[in-house]
Amino acid sequence: MILGWLAAASAPIVIHLLNKRKYRETSWAAMQFLLAAVKKNSRRMQLEQWLLLALRTLLILLAVIAAAEPGFRGAEQLVASGERVHRVVVVDGSFSMNYRPTGQQSYFEQAQAVAERIVDNAREGDGLSLVVLGTPSRTVVGPPLFRKDEMRAIVEDLRQPHGAGNLPQCLNELDRLLSKSRDMHPQIRRRIVYFVTDLGKQTWEPADGARGADALAEFQARCERWGGDTAVSLIDVGAADAENSAIVSLEAAEPYAVVGLPTTLRAVVRNFGRQAKSRVPITLNVDGRKVEEKTIDLEPAGEATVEFDYPSTNVPRAPGATIYDVELGPDRLEIDNRRYLALETKPNLRVLVLREAIASEEEEYGFENLAAALKLRPGADLGGPSPVSVDVETDDVLQRRELKDYDCVFLVGVKRFTPSQAKILWSYVNEGGGLVTWLGPRVDAADYNKLLADGSERILPAKLGPLVEEAQYKLNPLKYEHPLVAEFRGSEQGNLLNTPVYRYFRLNDAERPQARRVLEFLNEAKDPFIVSEKIGAGRSLLVATSLQASWTTMPLSPGFVPIVQELVSYAAGGRTAGTSRIVGQPLDGAFRRTTAAAQVTVAIPADNAEPQPRRTLTTPTPSGTTTPPTAKLNPGPASAEVVPAGEFFRWSFAETPTSGIYAVTIAAAEQTTRPFAVNVDPRESELVKLASNRLTSLPWSTVPLHYSTDLQDFAEPARTFVASGESNPIHRWFLLGALVAAVAETLLAGRAGRGRR
Amino acid sequence: MENYRKYLDPRTLAKLQGLELRARSIVEGYVTGAHKSPFHGFSVEFAEHREYVPGDDLRYVDWKAFGKTDRIYLKQYEEETNLVCYMLLDVSESMTYQSDEAPLSKLDYARCVAASLTYLVLQQQDGVGLTTFDKEVRAFIRPSTHPTHLKQLLHAMEVTPSAAKTSMGPIFHDLAERYKKRGVVVVLSDLFDDVGSLLAGLKHFRHRRHEVILMHVLDPAELDFPFRNMTMFKGLEGLPELLADPPSLRKAYLAEFEAFTKAVRQGCYARNIDYLQLRTDQPLDLAISTYLASRMNRVK
């Protein structure tokens with residue numbers, strides 16, 4: 001090719017010689033002047049002729065060389081290999097990318113196509129990396145991969161995760177990736193980070209204050225820190241703001257389910273769009289079976305709450321883990337139309353009340369009141385057996401009875417505990433049991449503080465202070481922020497807040513950052529009345545007073561039944577509430593260390609009708625193990641951690657990139673399976689797009705930003721940048737030389753008389 | 001002999017009819033009001049009265065008019081005199097050159113001009129003679145005022161063959177001796193000759209008190225040198241041929257040619273000779289009438 005052009009360069013010489021041979025003839029009268037002119041100018045003319053010939057040849061030669069620049073670049077690459085580029089593709093994996101415009105691929109599939117194109121367009125010697133922006137963001141391929149076919153296969157294998165986008169964390173990943181790339185491959189001197197995204201506002205400029213308004217400036221600043229050798233290319237696959245509706249929450253009215261009581265489920269549906277939707281079907285599935293369907297109307301930007309009672313008839317249901325999912329009629333974004341809830345259905349709710357063997361009449365009356373209040377369940381058949389079974393026992397039963405069968409344990413005015421009793425209680429709470437402690441006149445505060453409220457194995461949310469004998473008549477609900485009293489908001493039952501309390505222990509929760517006050521006295525000291533704390537997997541509640549009428553008249557007030565039932569619900573909820581997660585949050589738990597080794601397996605929810613993969617996470621060694629990481633995103637690498645902690649194994653499983661039910665099977669002394677419901681973050685359902693000029697108008701200085709919406713031709717600006725930035729400038733010198741030669745030719749030809757009449 | 005009529009292009013002559021050919025004051029006859037004329041009283045025609053201004057010759061005061069009006073008027077005369085015009089036509093080989101751009105060869109163009117002037121002069125009852133020459137005199141026809149003389153002159157122009165190299169200096173010296181009566185000498189030539197000898201010859205005419213009008217006939221190609229491609233120039237009048245790249249030579253050639261025309265022009269100016277450059281692509285009538293108009297202005 002180049003030789004052909006070089007041959008072209010000899011054209012002026014040939015033309016020059018041909019010109020000498022070819023001429024026209026004319027007679028000429030003014031010959032004497034012509035002869036005189038030739039005589040005077042012959043030397044100069046000859047010189048000019050040769051100069052012109054040389055210049056014209058040079059001009060063509062230089063232009064040809066400059067035009068042959070790609071060929072040169074290849075040659076340079078062989079010598080210096082300075083042209084190589086590390087291309088880092090960041091695919092937005094926030095679930096809004098699942099949006100499927102009419103008759104098109106989903107944004108995520110389009111982003112995959114873009115990524116494949118980037119891979120295809122990469123030159124030999126270019127390194128390729130792949131990061132999926134999500135919660136958490138994942139570096140799928142970190143160290144640059146140099147085999148395009150392998151990278152292509154990895155991109156093809158990508159599955160849409162169901163999380164929101166966590167940009168700051170993704171930038172952390174990129175920081176690590178780029179700095180490693182610089183260390184490991186110093187010969188690659190240029191880097192391009194491609195963000196393939198729908199520019200969802202929730203990802204790029206989240207509304208919540210934490211990473212709020214300055215998110216874009218922060219993004220720019222972080223990119224700028226990568227330095228001038230890194231370019232950022234933003235490829236926008238998203239369209240303008242889109243319509244969407246989603247189920248934003250699914251909760252059971254009670255945090256547990258018993259056979260004899262129907263479970264009430266509340267689904268909140270929100271329309272994020274600007275158009276009203278009518279008769280949208282919403283379905284309740286239980287264990288994968290369709291149970292009930294309702295239709296709802298949604299106002300623009302409106303919310304609707306749908307309640308399902310299951311079972312709706314008096315059909316008895318089997319105890320065991322039950323999986324509820326509520327599904328909304330189809331729209332363009334499917335992932336957020338379904339929400340899951342896993343709830344253990346128990347034969348009945350078992351409550352153990354522990355008391356002193358010897359009690360006064362007043363105390364006995366209090367126990368009876370408590371037991372009655374516990375057994376009264378709204379909705380339960382009053383004539384039939386109560387769905388709650390209450391065992392009232394003395395404290396010495398602690399040594400003899402297995403507590404884990406109980407959902408909740410009440411300690412009522414127990415004087416003191418032995419260390420072994422304290423240990424049993426601690427284990428029980430840690431495994432998810434609920435503990436409610438009422439105090440009383442016999443309580444040995446020092447003993448309580450020593451055994452139950454101190455050290456690493458404490459189970460009380462506060463220390464006991466002195467006994468206060470000042471009557472208090474008012475309680476502060478603390479804005480009803482605690483879920484235990486949330487039900488009382490607006491419809492305060494039985495005048496709970498005006499209950500007189502004559503005596504109470506001053507509780508000290510100052511050293512417990514995890515403890516939360518449920519109610520406090522409305523006095524100057526702001527003494528706590530009820531304090532809660534999550535201890536391990538369980539929950540512990542401490543009430544500052546006694547059940548005796550001489551301490552408080554609460555058991556006589558209409559508010560007593562609801563508050564007791566809420567205490568039980570909240571305390572017993574530790575076991576069930578622990579099974580709900582948002583995508584990206586780890587699954588975790590603890591189980592008693594009865595064997596030397598245990599196995600935890602997690603059944604990952606089936607995705608896109610693929611066979612359900614079952615992954616064995618760990619076979620714990622004394623220090624715990626991790627599984628070897630793989631490059632594939634979904635099913636992801638299992639970086640589970642099982643840590644022996646005292647008499648427990650604590651386990652966690654971090655890879656929850658998709659929503660659905662994760663069935664965790666714990667195989668220790670016996671095998672138990674608990675389903676975990678993992679749901680999408682409802683904030684991501686709001687499909688508001690960030691205006692691209694918000695990003696492009698930022699003052700980019702060291703790192704150039706390229707923005708493109710063209711999914712076919714996006715690579716061009718990036719490549720242009722690469723070419724102008726990284727290519728050896730030799731060819732430009734040739735071009736400059738050709739230009740100079742052209743100017744010189746024009747001047748010389750002008751001097752010689754060419755072009756003038 | 002129909003083809004000599006082409007020199008009398010009606011378009012050309014129609015323009016000339018409206019003009020009046022005049023010699024300058026030195027030609028025999030005089031301008032009205034110029035009392036120093038040696039030929040006073042000759043062929044004088046009354047034209048109009050003019051008011052007396054101090055310094056006027058009292059001989060021309062119209063006393064009759066003074067008697068009637070009590071104002072002093074002068075009689076003004078418009079004189080017509082016999083003018084002798086000598087046409088000198090160069091018929092050398094170089095005059096036969098005609099470039100692609102030119103409608104006529106220089107010789108044809110010069111013949112047209114000569115014929116036009118001859119006709120005009122004869123129309124005014126003045127005498128006109130013709131001499132054609134190259135390196136020597138080819139034809140010599142004495143001046144005459146007879147209208148039939150025109151045919152003879154045109155015939156002489158037509159039949160005179162083109163021949164060898166020009167040599168104007170000696171010929172002009174010779175002719176200056178032969179033209180006895182003072183008159184207007186009109187030279188039509190490309191002047192491709194030695195400038196010094198040429199100017200010496202013209203000076204001889206001036207010495208003989210002739211009015212000289214030098215009409216320098218040139219081809220546009222000789223003035224512009226428009227050639228672009230490699231060209232073999234074949235010299236006329238025995239000059240050698242030359243293969244050259246015209247664009248590279250153009251500047252030098254134009255410089256040489258400009259030096260030549262400048263020498264001629266300055267020589268003419270110094271000797272009080274009227275010089276007129278005629279391009280053969282210029283309209284014939286325009287060339288002549290423009291010149292005559294300017295001459296009339298100078299006379300008045």
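Note on naming: letters A, B, ... go to the chains in the order of the sequence lines (proteins, then strands), and numbering restarts at 1 for each one.
Using a 4.5 Å cut-off between heavy atoms, B/Ala221 contacts chain A through both its backbone and its side chain. Proximity to chain A is limited to the backbone of B/Glu241, based on heavy atoms less than 4.5 angstrom apart. Neither the backbone nor the side chain of B/Asp219 comes within contact range of chain A, judged by heavy atoms closer than 4.5 Å.
Note: A/Phe33 and B/Phe192 have perpendicular aromatic rings, judged against thresholds of 30 and 60 degrees for the angle between ring planes.
In this structure, CD in B/Glu256 is found 10.0 Å from NZ in A/Lys39, a value given to the nearest 0.5 Å. For the atom pair CZ (A/Arg24) and CE (B/Met230), the distance works out to 13.0 Å, reported to the nearest 0.5 Å. Of the inter-residue distances, the one linking A/Thr26 atom OG1 with B/Lys234 atom NZ reads 9.5 Å to the nearest 0.5 angstrom. A/Met31 CE to B/Tyr253 OH: the interatomic distance, rounded to the nearest 0.5 Å, is 10.0 Å. We find the CD-CZ distance between A/Gln32 and B/Phe260 to be 6.5 Å, quoted to the nearest 0.5 Å.
Not counting sequence neighbours, the partners of B/Tyr97 by the ring-ring contact (aromatic ring centres under 6.0 Å, His included) test are A/Trp28. Qualifying side-chain hydrogen bond (donor to acceptor under 3.5 Å, both in side chains) partners for B/Arg271, counting only residues two or more places apart in sequence or in other chains: none.
Across A/Ala29 and B/Glu222, no two heavy atoms sit closer than the pair CB-OE2, 3.3 Å. Contact between B/Leu236 and A/Ser27 at its shortest, heavy atoms only, is CD2-CB, 4.0 Å.
When each of B/Phe227, B/Phe257, B/Phe233 is scored by its heavy-atom pairs under 4.5 Å with chain A, the top score falls to B/Phe233.
Enclosure of atom NZ in A/Lys148 by more than 12 non-hydrogen atoms of other residues, nucleotides or ligands within 6.0 angstrom is indicated. For B/Tyr269, the OH atom is loosely surrounded, since the number of other residues' heavy atoms within 6.0 Å does not exceed 12.
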